[in-house]
Amino acid sequence: TPRSYSAAKAVLDGRFLATGSAPDTYTLEKGIRFTTSGSLGAFQFVVLDETIPLNKDPANTNYYITDPDNPIIAYQGRIVTTEYPANGADDAQRYVIPEFNIDISTLKVRVYPTSSKTANPIIYQTISDFTTSGGKGFRISEEINFDEKSAIFFIFENSFGQYEIQFGNGIYGRKVNAGNLIELEYLITEGSAPNGINSRFVLQSNIPPVRSVETLRLRENSRVSGGGGKESNNQLKVNAQNNFVIQNRAVTADDYKNLILSNFQFVDSVSVWGGEDNDPPIYGQSFITIKPKESQPLDQPKLSKNAKKKA
């Protein structure tokens, strides 16, 4: 399956005038929207994380400020929800995501017992998410135990270039039943178009304890980055061949290089060498240098966060 679009990311710091009855801490809700502009026009960004706090400024409690260790993270695009009634009679039924410019990493799949959505849903995961829960990876050669209760789904691309999902058959993965409601939530995005923007951001959503915005800017004069387009057929052929050769391992310098280029769209080029080739030699270690596409410095937190996400 080809890699999807990836949404550009903005790391924001802000200062907000609070209402008189505002609590000391307020958690920004998922779906809070911001806008900014660049050379290619205006772009909407949205919060996907549900645990971003705003705290009262100790120097002036009339204001909220962002947490230095937990800034506002917003992604370019718009959250979309698509619903399907489950086809319990056909285990091979595939459910199409109608939009083409989806960031598949943001896909959330929920299955409700009934169409009323009054009961809690079952949260389904991709195989990679299911097998790496708890931060543990897996090797292709290892045995992966799925059964009829495993809430997993599979992703395919159809002949029109749209993504489709399929559920288990009741033996290999949990099956959906007639009467269930399938809810697909995801972000549609403009890919690399906002990359490089460092303009002022504007709050578009209503936040009850916030009266007005005093400042809302990119952290430490950074830029919007990380947006990317869908993997082309030629890229897919090259990456598929490289992934087959390395078998999901990282042993040689080429293994590291191919894994990084296949998994991280913000990387323009990469150099890898073993410690024995370093000057002076440092045995038992590998060294990696990365040039990001946006020409912005690649800081350790960004690299670590993305590496954990792909692990």
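With hydrogens and angles disregarded, a donor-acceptor distance shorter than 3.5 Å links the side chain of Ser199 to the backbone of Ser37. In this structure, Ser6 contributes its side chain and Gly228 its backbone to a donor-acceptor pair below 3.5 Å. In terms of modelled atom types and a separation under 3.5 Å, the side chain of Asn278 and the main chain of Ser286 share no donor-acceptor contact. In this structure, the side chain of Asn60 does not engage the main chain of Asp57 through any donor-acceptor pair within 3.5 Å.
Scanning all heavy atoms of the two residues, the minimum distance from Asn198 to Leu218 falls at CA-CD1, 3.3 Å. Across all non-hydrogen atoms, the minimal contact from Ala119 to Tyr112 is O-CD2, 3.4 Å. For the pair Pro71 and Asp69, the tightest heavy-atom approach, listed with the atom from each and the gap, is CD-C, 3.7 Å. Taking all atoms of both residues into account, the shortest heavy-atom contact from Ala74 to Phe34 is CB-CD1, 4.1 Å. Nearest heavy atoms, Pro194 versus Gly191: CD-O, 3.2 Å. Contact record, Thr19 with Pro208: CG2-O, 3.7 Å, taken as the closest heavy-atom pair.
Side chains of Glu99 and Tyr186: a donor-acceptor N/O pair is present below 3.5 angstrom, by distance only. With no hydrogens or angles considered, a side-chain donor-acceptor pair links Thr25 and Asn55 at under 3.5 Å. Thr189 and Asn101 are not linked by any side-chain donor-acceptor pair at a separation below 3.5 angstrom, with hydrogens and angles left out of the test. In summary, the side chains of Gln44 and Thr35 do not present any donor paired with an acceptor at a separation below 3.5 Å, with no hydrogens or angles considered. Under 3.5 Å, the side chains of Asn195 and Ser192 contain no donor-acceptor pair of N or O atoms.
One finds a salt bridge joining Lys30 and Glu185 here, because a Lys/Arg side-chain nitrogen approaches an Asp/Glu carboxylate oxygen to under 4.0 Å. Salt bridge Glu190/Arg78: absent, no basic N to carboxylate O contact under 4.0 Å. Under the 4.0 Å criterion applied to side-chain N and carboxylate O atoms, Lys117 and Glu83 are assigned as salt-bridge partners. Using a 4.0 Å cut-off between charged nitrogen and carboxylate oxygen, Arg217 and Asp13 do not count as a salt-bridge pair.
Note on Ile32 and Val224: same hydrophobic cluster, where clusters join Ile, Leu, Val, Met, Phe, Trp and Tyr whose side-chain heavy atoms are under 4.5 Å apart, directly or indirectly. When the side chains of ILVMFWY residues are joined at heavy-atom separations under 4.5 Å, either directly or via intervening members, Ile122 and Tyr84 end up in a single hydrophobic cluster. Cluster annotation: Leu216 is not connected to Leu17 through the hydrophobic network of ILVMFWY side chains, with a link wherever side-chain heavy atoms come within less than 4.5 Å. Follow the hydrophobic side-chain contacts under 4.5 Å out from Trp273 and you reach Ile282 in the same cluster. Tracing side-chain contacts under 4.5 Å through hydrophobic residues (I, L, V, M, F, W, Y), one reaches Val96 starting from Val176; they form part of the same cluster.
Put simply, the side chain of Ile152 does not reach to within 4.5 Å of the side chain of Thr126, judged on heavy atoms. Contact annotation: the side chain of Lys291 approaches that of Ser269 to within less than 4.5 Å [non-hydrogen atoms, C-beta and beyond]. Residues Ile182 and Tyr124 form no side-chain contact, since every pair of their non-hydrogen atoms from C-beta on lies 4.5 Å or further apart. Counting only heavy atoms from C-beta outward, the side chains of Phe45 and Phe201 approach each other to under 4.5 Å. The shortest side-chain heavy-atom distance between Leu12 and Thr66 does not fall under the 4.5 Å cut-off. Contact check for Ile207 versus Tyr26: side-chain heavy atoms found under the 4.5 Å cut-off. By the 4.5 Å heavy-atom criterion applied to side chains, Val80 and Leu187 are not counted as neighbours. Side chains of Thr289 and Val272 form no contact here, defined as non-hydrogen atoms less than 4.5 Å apart.
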Problem set entry | Verdict with reasoning, Val47 to Tyr75, per side-chain contact (heavy atoms from CB on, under 4.5 Å) | CA-CA 6 Å; Val47 171; Tyr75 293 87; over 6 Å; no
For this session: Please step through side-chain contact (heavy atoms from CB on, under 4.5 Å) for the pair Val270 and Ile288, ending with a clear verdict.
Result: CA-CA 7 Å; Val270 58; Ile288 302 171; 3.7 Å; yes
For this session: Take Arg174 and Ser150 through the side-chain contact (heavy atoms from CB on, under 4.5 Å) test and state the conclusion after the steps.
Result: CA-CA 5 Å; Arg174 188 184 188 109; Ser150 301; 5.8 Å; no
For this session: Apply side-chain contact (heavy atoms from CB on, under 4.5 Å) to the pair Ile72 and Leu28, showing each step before the final yes or no.
Result: CA-CA 9 Å; Ile72 298 172; Leu28 289 179; 3.7 Å; yes
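The side chain to side chain donor-acceptor pair (under 3.5 Å) search around Tyr95 returns none, not counting sequence neighbours. A search for ring pair (Phe, Tyr, Trp, His ring centres under 6.0 Å) contacts involving Phe153 returns nothing, not counting sequence neighbours. Phe43 meets the ring pair (Phe, Tyr, Trp, His ring centres under 6.0 Å) test with no other residue; sequence neighbours excluded.
Around atom CZ of Arg219, more than 12 heavy atoms belonging to other residues, nucleotides or ligands sit under 6.0 Å away. By the 6.0 Å contact criterion, NZ on Lys108 is open, its count of non-hydrogen atoms from other residues, nucleotides or ligands being 12 or less. Within a 6.0 Å radius of CD in Glu148, more than 12 heavy atoms belonging to other residues, nucleotides or ligands are found. Heavy-atom neighbours of Glu220 CD from other residues, nucleotides or ligands within 6.0 Å: at or below the threshold of 12.
A distance of 11.5 Å separates CZ in Phe100 from OH in Tyr163, rounded to the nearest 0.5 Å. Note that CD1 of Ile104 is 10.0 Å distant from CD of Glu157, once rounded to the nearest 0.5 Å. Note that CG of Leu107 is 6.0 Å distant from CG of Leu184, once rounded to the nearest 0.5 Å. Atoms CZ and CD1, on Arg94 and Ile155 in that order, are 11.5 Å from each other to the nearest 0.5 Å. Taken from CD1 in Ile65 to CG in Leu54, the straight-line distance is 9.5 Å, to the nearest 0.5 Å. How far CG of Asn87 is from CG of Asn180: 11.0 Å, rounded to the nearest 0.5 Å.
Using a 30° and 60° split on the angle between ring planes, Tyr172 and Phe154 fall in the parallel class, below 30°.
The only member of Ile188, Thr106, Leu48 that meets side chain to side chain contact (heavy atoms under 4.5 Å, CB included) when paired with Ile79 is Leu48.
Because its NZ or CZ atom is not both nearer than 6.0 Å to the ring centre of Tyr64 and within 45° of the ring axis, Arg15 does not count as a cation-pi partner of that residue.
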